[in-house]
Protein chains: 2
Amino acid sequence: MAGVSAGTVDRILHSRGNVSEAKRQAVEAVLNKVGYKFNIHTSAVSLKRGYHFIVTTPLAGEGEYWASVSAGIHEALEEYSDIQILPDYFPYDQFDEKSCRSVFDTISKQEADGVIIGPTFRKETLALCRKLDKKGIPYVFVDADIEGAHPVASYTVDQHSCGAFLGRMLMAGLHEGKTILLFRSERRSEERSSNTLAREKGLMDFLQEQGLGNQLVQAIVPQTEDAEEIILDALNRHPDVQYAIVLNSRGHVIASAIKQGQLTGKIQLIGFDLTRKNVECLLDGSIAALLCQRPQLQGFSAIRRLISWLLYHSKEKNERHFLPIDLVVKENLPYYREVIRG
Amino acid sequence: MAGVSAGTVDRILHSRGNVSEAKRQAVEAVLNKVGYKFNIHTSAVSLKRGYHFIVTTPLAGEGEYWASVSAGIHEALEEYSDIQILPDYFPYDQFDEKSCRSVFDTISKQEADGVIIGPTFRKETLALCRKLDKKGIPYVFVDADIEGAHPVASYTVDQHSCGAFLGRMLMAGLHEGKTILLFRSERRSEERSSNTLAREKGLMDFLQEQGLGNQLVQAIVPQTEDAEEIILDALNRHPDVQYAIVLNSRGHVIASAIKQGQLTGKIQLIGFDLTRKNVECLLDGSIAALLCQRPQLQGFSAIRRLISWLLYHSKEKNERHFLPIDLVVKENLPYYREVIRG
DNA sequence: CATATTTTTGTGTTCGTGCACAAAAGCAAT
DNA sequence: ATTGCTTTTGTGCACGAACACAAAAATATG
């Protein structure tokens, strides 16, 4: 080292103050010259403290979308196992505003070093974020971004592009005089997830642009017991349908109706997300293709970002990361299982 | 700790011997109980040595396939910058066996702690691997695997599935009475890359299976100056062509012929690999879609694996990792740029 | 039994980092 | 110049890991 003691260097690196200007410059010059790089891992060792992370997302059963986010979180904790992190899961019901509110309420009373939020309800999420901002607790969004909040980062997918991507796939395969049947859930517009809405807009915009707008028809999928019957009915009412599409991860519901009606192969079903049920349908041919986000990468990245936020000194906020959109069919499916980095 | 000194634990962890059976068992019991996890980063600090890695792949210009592999290697070195690694690049000419032989010869004379090989020529690669085996130097394959060698791991793509994937995409979009035109390079079969051959087989098998075998015609792309003319000629000779396909990364060559002949939009061109030139064609519409491997992930994973091989104690060989195959079109392209983990 | 040899075990130092505390230097008031 | 206070700087220890070396215990040889 050039001139001073380790203590002084430490004060400079952490900007703890009480350092003379002369020495500061001298040390910084040396740091630059030798290309000093902060070592996050030895730092973690030396800090010898643990971190408490809160993860709040819609509740997910095994094999569902949010379970993959958790899997990514788990992988990151494994990868960074030299940094002691205690994750605490606070799932909420994505169809119940009240559940969300009460869970977020509990969270805002917790002590935490970082929070990962998979947001659904805008108002509730903003309220939580305000409280976290006030406490100075960093948070990261996965799957969706909420405007007006100030997360350290967000890891999402551009759903509008996602819809356009679907549009292109449909356009590429659509035959003369054939139509596309869009299945949508029964819920009112305000109640549908913002992701689904954005996908729909992306799709519609694309089809309009390409002059295919009038080749799309719609059908409603009810939440009731007789859904299958109603789906089959819709399919039969539209004999020209070549493509059936679903903009959320419930494509397998349509798939079972298709299997029921022995329409497999006649109708190409395209859905979203590599959930276990969808994968099964992809394998048996009742779903032709799935558009996928990378939920695991979202979870992985979120943890990674919180760690670097807490341990690094540079603190710039509001990064927006858009992750890739993948197209998965039977042939490339085996290689999409749980891959973050090979 | 329970009973013994740090030195003894150290001897046990490294199986350095000279430890009494009684203490060994006692210590191992404690390690299990407290869930001991080796910390690779502090280990690297205290080892205070650097590692010398050799990277040998076909020579790549900026924006080409192998440049992405290097980018992934670079990212890994950045991520693991607390472990001192000196990479040494030894590119060879992928179309010249002799160049490869002489480069591999040089490599086998070098001192190295690990080697990353992007293989092309089977015989030359096997010769190199034998020498490395003898010296006990670990090596990893990227992009392609060579049978008979004993790499620590390989990070490749299942090219047969890749061809089948392409087949499915073609089948989904092919109209009645239309054909597929496959452009292939002039080289003799033995000289074509094994990846390209495997893709071709995967594609052919799929089309046969689906009864579409007779809808595929072929044309040769020469390496000469008048390639464009010949390509255009082939396209004009086959007025029924809906899809043009190229199984290597030279799709942009066909694309410029298509632009020249003002056939953009009339003929759907599908190629391989997100090289800079191909990306440009994707953006201007002359290429409809690209099937992509994840060269960056290959490079990243290779470095990562060599590090864990050198620093961890468990040493199992011959892992084969098959990475995903992605479909990229204009709409999802922006999100595929240089993503390893967001 | 004493000594030599081998095997087993413990200690001390190192790395990069964080932090508490001690030491030194600077400066003002007496 | 001495005292007291603040600002600046240095020292020592900790963390988990690696390794050289010293110390102690066990065993062999005379």
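In this text, all values refer to a predicted model and were calculated from it rather than measured experimentally. Chain A is the first sequence line, chain B the second, and so forth, proteins listed ahead of strands; every chain is numbered from 1.
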When the distance from CG of L311(A) to P of dG18(C) is rounded to whole Å, what number comes out?
-> 9 Å
Provide, to the nearest angstrom, the distance between the CG atom belonging to D10(A) and the C1' atom belonging to dT8(D).
-> 14 Å
What's the NZ-P distance between K37(B) and dA17(D), to the nearest Å?
-> 11 Å
Under 4.0 angstrom, heavy atoms only, what part of the nucleic acid is R49(A) near: base, sugar-phosphate, or nothing?
-> nothing
Check whether more than 12 heavy atoms from other residues, nucleotides or ligands sit under 6.0 Å from atom NZ of K135(B), and answer yes or no.
-> yes
Given atom OH of Y36(B) and atom P of dG16(D), what is their separation to the nearest angstrom?
-> 10 Å
According to a strict under-4.0 Å criterion, is H14(B) in side-chain N/O contact with OP1 or OP2 of dA18(D)?
-> yes
How far apart are the C-alpha atoms of D113(B) and I137(B), what are their side-chain angles, what is the distance that settles it, and do they pass the side-chain contact (heavy atoms from CB on, under 4.5 Å) test?
-> CA-CA 6 Å; D113(B) 301 297; I137(B) 298 175; over 6 Å; no
Choosing from dT17(C), dG10(D), dG16(D), which nucleotide comes nearest the side chain of R11(A)?
-> dG10(D)
Is N18(B) touching bases, backbone alone, or none of the nucleic acid, heavy atoms closer than 4.0 Å?
-> base
So F104(B) and Y92(B), would you call those rings parallel, tilted or perpendicular, with 30° and 60° as cut-offs?
-> perpendicular
Which nucleotide in the list dG16(D), dT9(C), dG10(D) gets nearest to the side chain of T8(B)?
-> dT9(C)
Let me see the working for V69(B) and D143(B) under side-chain contact (heavy atoms from CB on, under 4.5 Å), right down to the final yes or no.
-> CA-CA 9 Å; V69(B) 176; D143(B) 183 62; 5.8 Å; no
Rounded to the nearest Å, what distance is computed from the OH atom of residue Y312(B) to the C1' atom of nucleotide dA17(D)?
-> 13 Å
Return the nearest nucleotide to the side chain of K23(B); candidates are dG10(D), dT9(C), dC19(D).
-> dT9(C)
Check every atom of dC15(D), dG16(C), dT17(C) against the side chain of S43(A) and return the nucleotide holding the closest atom.
-> dT17(C)
Tell me: CD1 of I12(A) to C1' of dT8(D), nearest whole Å?
-> 11 Å
Thinking salt bridges, do E75(A) and R304(A) make one under a 4.0 Å N-O criterion?
-> no
Length of the line joining F38(A):CZ and dG16(C):C1', which is rounded to integer Å = 10 Å
Is the H41(A) ring parallel, tilted or perpendicular to the H41(B) ring (thresholds 30°, 60°)?
-> parallel
The side chain of S5(A) lies closest to which of these nucleotides: dT9(C), dG10(D), dG16(C)?
-> dG10(D)
With the side chain of S20(A) defined as its heavy atoms from C-beta on, choose the nearest nucleotide among dA18(D), dT17(C), dT8(D).
-> dT8(D)
What about S46(B), does its side chain sit under 3.5 Å from the base of dA17(D) through a donor-acceptor pair?
-> yes
How long is the line joining CG of L13(B) and C1' of dC19(D), in whole Å?
-> 13 Å
Side chain of L47(B) - closest among dC15(D), dC19(C), dA18(D) | dA18(D)
Which part of the nucleic acid, if any, lies within contact of N39(A), taking any heavy atom under 4.0 Å across all strands shown: a base, the sugar-phosphate backbone alone, or nothing?
-> sugar-phosphate
Which one, dT9(C), dC19(C), dC15(C), comes nearest to the side chain of R16(A)?
-> dC19(C)
